[in-house]
Amino acid sequence: MSDSMTTVRLTVAADPHLARLVRMTAANVAMLSSMSVERVEDMRMAAEEAFVFSCGLCPGAEMAIRFDVDATCVGMVFELGDASFEDAAGSESAVYADLILGAVCDEYEKRTAPTALVMTLKADV
């Protein structure tokens with residue numbers, strides 16, 4: 001990330017019905033970088049998958065999502081407070097989320113204390 005980074009924050013209830021809002025916000029943020037149309041679609045997919053997975057970890061709670069964007073990449077951080085990845089470990093949803101996010105994102109990490117999903121998608125143009 002460069003000095004010209006812009007940060008966008010979105011706070012929503014952890015409700016899967018709000019996935020479209022998160023997905024569209026991610027796509028709009030991605031347009032601030034040099035991403036191709038295909039890469040913007042990757043960004044949408046990653047944001048939706050991370051959000052739906054996160055909803056299962058802390059249903060109904062308030063979730064903060066931070067997007068850090070510059071011309072070269074977009075970082076996304078899904079702040080999950082005191083939720084535990086162990087609660088979903090080995091579940092079909094956790095395996096699927098790891099598969100999708102690991103394949104689509106250039107960097108993907110599950111952090112603890114506080115719990116967060118951290119992803120980076122680099123621009124390809």
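Here the structure is a predicted model, which is why all the values come from computation and not from measurement.
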> After noting the C-alpha distance and the side-chain angles of Arg66 and Asp68, does the key distance pass the salt bridge (Lys or Arg N to Asp or Glu O under 4.0 Å) rule?
Replying inline: CA-CA 7 Å; Arg66 188 181 81 229; Asp68 297 314; 2.9 Å; yes

Do [X] and [Y] share a hydrophobic cluster, counting only Ile, Leu, Val, Met, Phe, Trp and Tyr and linking them when any side-chain heavy atoms are less than 4.5 Å apart?
X	Y	value
Val118	Leu10	no
Tyr96	Tyr108	yes
Met45	Val77	no
Val52	Leu117	no
Met35	Met24	no

Nearest-0.5 Å distance, [atom1] of residue [X] to [atom2] of residue [Y]:
X	Y	atom1	atom2	result
Lys110	Phe78	NZ	CZ	13.5 Å
Leu18	Cys55	CG	SG	7.5 Å
Leu80	Thr112	CG	OG1	11.5 Å
Met63	Leu57	CE	CG	8.0 Å

> Do Glu62 and Thr11 come close enough that some side-chain heavy atom pair is under 4.5 Å?
Replying inline: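 A side-chain contact exists here, since the closest heavy-atom pair is under 4.5 Å.
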
Minimum-distance pair of heavy atoms, taken over all atoms of [X] and [Y]:
X	Y	value
Ala46	Met76	CB-CE, 3.9 Å
Arg111	Phe85	O-CE1, 3.2 Å
Phe51	Ala13	CZ-O, 3.6 Å
Met43	Ala26	CG-O, 3.6 Å
Thr115	Asp82	OG1-C, 4.2 Å
Ser93	Phe53	O-CD1, 3.9 Å

>> Test side-chain contact (heavy atoms from CB on, under 4.5 Å) on Thr7 and Arg9; report intermediate values, then the result.
In response: CA-CA 7 Å; Thr7 298; Arg9 295 181 189 279; 4.3 Å; yes

> Run the side-chain contact (heavy atoms from CB on, under 4.5 Å) check on Leu121 and Glu107 step by step: do they pass?
Replying inline: CA-CA 7 Å; Leu121 286 89; Glu107 297 174 17; over 6 Å; no

> Backbone N or O of Cys73 within a donor-acceptor pair of the Asp70 side chain at under 3.5 Å?
Replying inline: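 Present.
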
> Are the side chain of Arg39 and the backbone of Lys122 linked by a donor-acceptor contact shorter than 3.5 Å?
Replying inline: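 Confirmed, Arg39 side chain pairs with Lys122 backbone.
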
>> Would Glu49 and Leu101 count as a side-chain contact (heavy atoms from CB on, under 4.5 Å) here? Give the steps.
In response: CA-CA 7 Å; Glu49 188 57 42; Leu101 297 174; 4.3 Å; yes

>> Determine whether Val22 and Glu48 satisfy the following criterion, side-chain contact (heavy atoms from CB on, under 4.5 Å), listing intermediate values before the conclusion.
In response: CA-CA 7 Å; Val22 173; Glu48 181 173 18; over 6 Å; no

